Structure formats: C-alpha cells, structure tokens
2 protein chains.
Amino acid sequence: MPTNLGFALLGLIHKTAMSGYDLRKVFAETALGNYSSSPGAIYPALARLEKQGLVTGEEDRSKSLRPKKIYRPSADGKKIFKAWLSQEVTKYDISHNYHELMLRFAFHDALDDRKATRRFLRELASGLEEVIADLVSQRKMIPETEPVQTRLALEAGLEQLRASARWAHNSIRYFPDD
Amino acid sequence: MPTNLGFALLGLIHKTAMSGYDLRKVFAETALGNYSSSPGAIYPALARLEKQGLVTGEEDRSKSLRPKKIYRPSADGKKIFKAWLSQEVTKYDISHNYHELMLRFAFHDALDDRKATRRFLRELASGLEEVIADLVSQRKMIPETEPVQTRLALEAGLEQLRASARWAHNSIRYFPDD
DNA sequence: TCGCACATGTAACGTGTTACATGATTCA
DNA sequence: TGAATCATGTAACACGTTACATGTGCGA
C-alpha cells in the first residue's frame, strides 16, 4: 500500500500525466508542499509505484532534452487510488491522520460521485463531533494543578476541530443529491 | 538536536522524573498520544537523550520489581529544552510544523516567564495572519477549471488557521504583563 | 498456576531528509 | 563560455512502526 506521498502522486497523475520533475513543481508551488518536494522522496516514490505496477513511466524524447519520463496510473493504480478515496472516515484518522483525510478530500473529484463525497463529509462531520466530545471530557479531567498552558493547548486543538466540523457541514451543500 | 518526541520526553521529565514505562502511559492516556507511545520509539529516544548527555537514567530497585530507570533532565538538557521553547515562531513552522508549535506551547510553563509566552503567542498570531493572507491569495489563483474540492480543501486549511489565530489572540490575556 | 500488569528492550523494515552527482539545453 | 534551468537520480543517515523477546510479581 502506498504512503500519503504515493497517493498524492497517484492523484496528480490521475488527472494529468506528468514527469517527476513536473510533480516536484506542483508540490513546490501549491499547498500540497507538505508532502515534500525533494527529489530524494519523489523519485524513489515513483519507482516504488512503478515496481508495484500502479503507474507506468514512459520515456518521452520528443523534445530532445534529457528524456522525461511521463507517468500515468495503471488500471490497478486507478483502482487502488479510488479505493483509498472511498475508505470510511474513522475517528482514528481524524485524531492521528487529519492531513491524510484532507488529501483524500482534495482528490475526491476523481471519484466523480457526489454521493461518495457527501458520505465522506457526513462521516467526517459526525466523527469530528465525537472526537470533540472526547476532548471536552478530557479537558474536564485536567486537574487544577496543571498549568494554564495544558488546558489552552487542548483548547487550541478543540477550536481547530470545531472549525473543521463547521467547514464539513457547510461543504456538504456543494454536493447536492442528484 | 532531539526530535519532537525527544523534546516531549524532556518536557515531561522536566516536570516530574519518570521511567520509560511511566512516560509511555502518559502518551497513551493524554492528547500527547500523537507523539507515539510505542516502546520501539520511546526507549530508543531515551537512550539517545542519555547518550547525548541531556538526561540521566537512575536505576530504582526500591520496589523489588524489575528495576525501573528513572529519568531526569541534566543541566544541559534543561538548557536545550528551554532554548527550544524560546525559539522564534516562524512562518515555516506554522505551515509545516504546527504540531511542534503546539507541543512547545504546552510546555511553556517550564519557562516560567509570562513575557516569553506572550511573545510566543504574539508571534504566532501575526505569523498566522501572514500565512492566512498567503493562502487567500493562493485561493484567488485557483483557475475556475479546478474541481470544487480543490478550493474547499484550501478553505478547510484556512478555517483551521483562522480558528488558531482567534485562539492565539484570546489566549494572550492569560499571561498578563505583571 | 494462569494470566495480567509492570517494565525494558531489540531487530527488521520502510521511508523521508539532506546532500551530492550527472548531464542536456538555452541564453547572455 | 559560463550560468541557469530542465531533468533524473543515488547514498548515507536518522527515525518511527511493527513485532517480538524477556522477565517480575500479584491476585484469582
């Protein structure tokens, strides 16, 4: 199973076939940058995906530059990518892997299935409520002897989660039923 | 220089001397859990800290259980820990390392210096405004042809940052100037 | 005596980071 | 001709993950 970086690469070439260099530029220039734009990460990741049969790299010598390798997802690659997108949203992911969830959402258009995206957002919203409730009860259990910072740090997390929950609720309307 | 996990360990034993097992429990039971509670991470991290002279582990056979090793920060360890806490808040950290910033804040009481904590929050708040402004202009540059998800994913990040900025502003009052 | 909580570790593995290496093409 | 940009990669290293190994003492 690919890593987040692998899925990000898969997602980008799913839309448009690209070389490793092109991919690096996308990472460098967009908010995807969190998933690293260093050649030491991207080229090995592409090689792994190719070895696993999830992408195919085709040399392009049309421009007589040093040959580019243009990557495309294979049938298997598309299948695995879509399965990744369609996974259930778990509480675990929400508290330990939020970045991955947002990565998945960002690529959700590849599914071309408003119902699936709606489900994603609904699951996210309700998962968030649960995680928020957990944190609220954790907050209650912080003894008075703890420094303010402890409570405030928890509060910071809470506020981010609340913002996310509002966002998820508001976003559902962009994927109407029918 | 220790990793985030190393600093988290340093921060916990700074307050109360503890064994590796105790530390694991703290990680398992609190929101710190993001920094891993697996023995394969914690024991090697403690060993590294000890080799670097930042902590000292003293065997405790008082209870005749399998001997505990109680860890304490060394003078060097305290110095490095406080230097870490006192670091400037950079835009880079805000966009690529937000977790570490919150970890730092959570341990800020070790500094016992309201001025430093105020400075941290002020720098965080103003850094956040800048990062938010950057994202807003990035959002403007997303072509219409992009799927809604692209814009919404960026929006999700924005809302989290805005929530953080509000939190930072509101939190400053807990650290009054004298 | 069986299992559980206490307590500490090691080994294999994958992956990301940084830094370096290589080479073609364009343009001043 | 020399620098910048295009383009792909490798090598060393550190770290975290998972899984396993080992052993003590207590209570049912």
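Being a predicted model, the structure only gives us computed values, none of them experimental. A note on names: the letters A, B, ... follow the listed sequences, proteins ahead of strands, and every chain is numbered from 1.
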Examine A/V89 and A/L85 and state if one hydrophobic cluster contains both, with Ile, Leu, Val, Met, Phe, Trp and Tyr joined whenever side-chain heavy atoms are less than 4.5 Å apart.
no
Considering only C/dG16, D/dT17, C/dT8, which nucleotide approaches the side chain of A/T3 most closely?
C/dG16
When rounded to the nearest 0.5 angstrom, what distance separates CD1 in B/I13 from OH in B/Y71?
9.0 Å
Length of the NE2-P vector between A/H99 and C/dG16, whole Å
14 Å
Check every strand shown and say whether B/S38 touches a base, only sugar-phosphate, or nothing at a heavy-atom separation below 4.0 Å.
base
Please give, in whole Å, the distance from C/dT15 P to A/E100 CD?
14 Å
Please list, in numerical order, the residues of residues 13-37 of chain A that have a heavy atom closer than 4.0 Å to any atom of DNA chain D.
A/S19, A/G20, A/Y21, A/R24
Decide if atom NZ of A/K15 counts as having more than 12 heavy atoms of other residues, nucleotides or ligands within a radius under 6.0 Å.
yes
NE2 of A/H96: more than 12 outside heavy atoms within 6.0 angstrom?
yes
If I take atom CE in residue A/M1 and atom C1' in nucleotide C/dT15, what distance separates them, rounded to the nearest angstrom?
16 Å
Interatomic distance, A/Y71 OH vs D/dT8 C1' [rounded to whole Å]
9 Å
Once you round it to whole Å, what is the distance between P of D/dT17 and CG of A/N4?
14 Å
For the side chain of A/K69, starting at C-beta, report the closest nucleotide among D/dT8, C/dT17, C/dT10.
D/dT8
A/E129 side chain near A/H169 side chain, heavy-atom distance below 4.5 Å:
yes
Evaluate the side-chain proximity of A/F120 to A/H108: yes if any heavy-atom separation is below 4.5 Å, no if none is.
yes
Could you check whether any side-chain heavy atom of A/R48 comes within less than 4.5 Å of a side-chain heavy atom of A/P2, counting everything from C-beta outward?
no
Provide, to the nearest angstrom, the distance between the OH atom belonging to A/Y43 and the P atom belonging to C/dT15.
19 Å
Whole-Å gap separating C1' (C/dT8) and CD (B/E50)
13 Å
Taking atom P of C/dC13 as reference, at what distance in whole Å does atom CZ of A/R48 sit?
16 Å
